[in-house]
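First the structure, in the form of structure tokens, and then the observations on it.
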Amino acid sequence: VQLQASGGGLVQAGGSLRLSCAASGRTFSSYVMGWFRQAPGKEREFVAHISTGGVTTYYADSVKGRFTISRDNAKNTVSLQMNSLKPEDTAVYYCAASFLWTRSVANYDYWGQGTLVTVSS
């Protein structure tokens with residue numbers, strides 16, 4: 001599967017952004033979809049993931065209550081709604097696909113190219 005992330009940009013603290021990830025291929029609904037982020041000088045970290053059917057989600061503590069992950073298997077898309085953004089949310093955000101219900105970067109097989117989110121204070 002090929003992934004293409006979009007929707008990043010510059011936003012003030014407290015603002016919102018919605019990231020989208022479009023997937024090619026007919027097996028999108030077979031994958032657990034995740035969002036990760038990587039800030040300058042830091043390792044890539046888990047943000048959220050969603051089960052194949054979209055019923056189950058899980059969030060990193062740092063974004064819980066502010067971010068919402070969703071997917072549309074008919075359109076082969078996964079989204080990340082980000083509200084109440086903070087400067088520490090500044091990072092390149094990546095969507096990724098895995099056959100496993102996992103938060104480990106190493107267990108995601110396919111990655112989008114990343115989209116930059118910058119939150120100004």
Side-chain angles (χ1 to χ4, degrees):
V1 62
Q2 292 185 324
L3 305 173
Q4 179 79 28
S6 62
L10 173 64
V11 63
Q12 289 188 333
S16 298
L17 278 176
R18 185 176 181 86
L19 305 183
S20 294
C21 178
S24 64
R26 293 174 288 180
T27 61
F28 175 76
S29 61
S30 301
Y31 292 97
V32 170
M33 295 301 299
W35 284 97
F36 293 78
R37 67 187 182 186
Q38 188 166 16
K42 295 188 176 182
E43 292 187 350
R44 193 169 299 189
E45 65 175 6
F46 169 82
V47 173
H49 62 176
I50 187 166
S51 60
T52 55
V55 173
T56 304
T57 58
Y58 189 87
Y59 299 90
D61 287 343
S62 58
V63 307
K64 198 173 297 181
R66 299 187 298 122
F67 291 11
T68 302
I69 188 171
S70 60
R71 68 189 295 163
D72 186 335
N73 285 342
K75 296 182 179 179
N76 281 11
T77 59
V78 60
S79 299
L80 186 69
Q81 177 67 42
M82 305 186 295
N83 298 329
S84 302
L85 282 161
K86 304 175 181 180
E88 51 263 43
D89 293 319
T90 294
V92 177
Y93 283 72
Y94 300 88
C95 58
S98 174
F99 284 115
L100 303 176
W101 183 248
T102 177
R103 286 168 278 168
S104 171
V105 170
N107 288 327
Y108 279 76
D109 303 296
Y110 303 98
W111 292 83
Q113 86 288 3
T115 185
L116 177 62
V117 172
T118 304
V119 184
S120 63
S121 56

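In this text, all values refer to a predicted model and were calculated from it rather than measured experimentally. The analysis underlying the following values was restricted to heavy atoms, covering all of them including side chains, and did not include hydrogens, waters or symmetry mates. If you read the sequence from its start, that first residue is 1, and numbering goes on from there.
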Flag yes if [X] and [Y] sit in one hydrophobic cluster, no otherwise; membership is Ile, Leu, Val, Met, Phe, Trp, Tyr, and two members link when side-chain heavy atoms are under 4.5 Å apart.
| X | Y | value |
| --- | --- | --- |
| Y110 | L80 | yes |
| V11 | V92 | no |
| V1 | W111 | no |
| F46 | Y59 | no |

Any chance you could measure [X], atom [atom1], to [Y], atom [atom2], to the nearest 0.5 Å?
| X | Y | atom1 | atom2 | result |
| --- | --- | --- | --- | --- |
| C95 | Q4 | SG | CD | 8.5 Å |
| T68 | R18 | OG1 | CZ | 8.5 Å |
| I69 | Q81 | CD1 | CD | 12.5 Å |
| N76 | S29 | CG | OG | 7.5 Å |

Would the distance check show the side chain of N73 and the main-chain N or O of G53 forming a donor-acceptor pair, the cut-off being under 3.5 Å? no
Taking side chain to side chain donor-acceptor pair (under 3.5 Å) as the test, write out the residues that go with Y58, two or more places apart.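 Residues passing side chain to side chain donor-acceptor pair (under 3.5 Å) with Y58: R103.
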Heavy-atom pair of closest approach, residues [X] and [Y]:
| X | Y | value |
| --- | --- | --- |
| F67 | V47 | CD2-CG1, 3.8 Å |
| S16 | N83 | OG-OD1, 2.9 Å |
| S98 | L100 | OG-N, 2.9 Å |
| T77 | A22 | CG2-CA, 4.3 Å |
| T52 | V32 | CG2-N, 3.9 Å |

I'd like to check the side-chain contact (heavy atoms from CB on, under 4.5 Å) partners of S24; sequence neighbours left out, ordered by chain and number. Q2
Please tabulate, for the side chains in residues 33-41, all donor-acceptor contacts under 3.5 angstrom to protein atoms that are two or more places apart in sequence or on a different chain.
from	atom 1	to	atom 2	distance (Å)
R37	NE	E45	OE2	2.7
R37	NH1	D89	OD1	2.9
R37	NH1	Y93	OH	3.0
R37	NH2	E45	OE2	3.2
R37	NH2	S62	OG	3.4
Q38	OE1	R44	NE	3.4
Q38	OE1	R44	NH2	3.4
Q38	NE2	K42	O	3.1

Apart from L10 itself, what residues make up its hydrophobic cluster when side-chain heavy atoms of I, L, V, M, F, W and Y under 4.5 Å apart count as a link, directly or indirectly?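 Joined to L10, directly or through intermediates: none.
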Please enumerate all residues that pass salt bridge (charged side-chain N to carboxylate O under 4.0 Å, His left out) together with R71, with sequence neighbours excluded.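 Residues passing salt bridge (charged side-chain N to carboxylate O under 4.0 Å, His left out) with R71: none at all.
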Can the ring centres of Y94 and Y108 be said to be less than 6.0 Å apart?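 No: the rings miss the under 6.0 Å criterion.
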Could you pull out every donor-acceptor pair under 3.5 Å between side chains of residues 113-121 and any protein atom, sequence neighbours left out?
from	atom 1	to	atom 2	distance (Å)
Q113	OE1	A5	N	3.1
Q113	NE2	A5	O	2.8
T115	OG1	G8	N	3.0

Begin with the C-alpha distance, continue with both residues' side-chain angles, and end with the deciding distance and a verdict on side chain to side chain contact (heavy atoms under 4.5 Å, CB included) for N107 and W101. CA-CA 9 Å; N107 288 327; W101 183 248; over 6 Å; no
